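Index from 1, following the sequence. Excluded from the calculations below are hydrogen atoms, water molecules and symmetry mates; all remaining heavy atoms, backbone and side chain alike, are included. This one's a predicted model, so the numbers in the text were calculated from it and none came from an experiment.
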Amino acid sequence: MQAHRAKEITEAPNMINVTYNGTPIYIQHVDEKNETARIYPLDNPQEEMEVALRGLEEN
């Protein structure tokens with residue numbers, strides 16, 4: 001996923017379906033410089049992780 005699209009998703013008023021390795025996730029923060037995002041699985045908000053933007057997929 002491109003950094004600008006990931007940022008648009010974080011700022012969108014509606015929930016947009018995004019997955020990481022097939023798991024539905026929520027994007028908390030996008031680091032455009034490092035091309036990473038802080039995410040967590042929708043079913044486990046305690047499991048935060050930093051991942052490469054290329055691993056995110058909009059559904």
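Taking CG from Leu56 and CG from Asn21, the interatomic distance works out to 9.5 Å, rounded to the nearest 0.5 Å. Here CD of Glu47 is found 12.0 Å from CD1 of Ile25. Values are rounded to the nearest 0.5 Å. A distance of 11.0 Å separates CD in Gln2 from CD in Glu32, rounded to the nearest 0.5 Å.
Closest approach of Leu53 and Ala37 over heavy atoms only: CD2-CB, 3.7 Å. Contact detail for Leu42 and Pro45: the closest heavy-atom pair is O-CD, 4.1 Å. Heavy atoms only, all atoms of each residue included: Ala3 and Val30 are closest at O-CG1, 4.0 Å.
Counting heavy atoms of neighbouring residues, nucleotides and ligands inside a 6.0 Å radius, atom CD of Glu57 does not exceed 12 of them. Under a cut-off of 6.0 angstrom, the local environment of CD in Glu50 is crowded, with over 12 non-hydrogen atoms contributed by other residues, nucleotides or ligands. No more than 12 heavy atoms of other residues, nucleotides or ligands sit less than 6.0 Å from atom CD of Glu35.
Here Glu58 pairs with Met1, Arg5, Ile9, Ile16 under the side-chain contact (heavy atoms from CB on, under 4.5 Å) rule; sequence neighbours left out. With sequence neighbours left out, Asn34 forms a side-chain contact (heavy atoms from CB on, under 4.5 Å) with Asp31, Thr36.
You'll find the side chain of Ile39 reaches within 4.5 Å of the side chain of Met49, heavy atoms only.
Screening residues 17-40 for ring pair (Phe, Tyr, Trp, His ring centres under 6.0 Å) gives Tyr26-Tyr40 as the qualifying pairs, with residues at least two apart or on separate chains.
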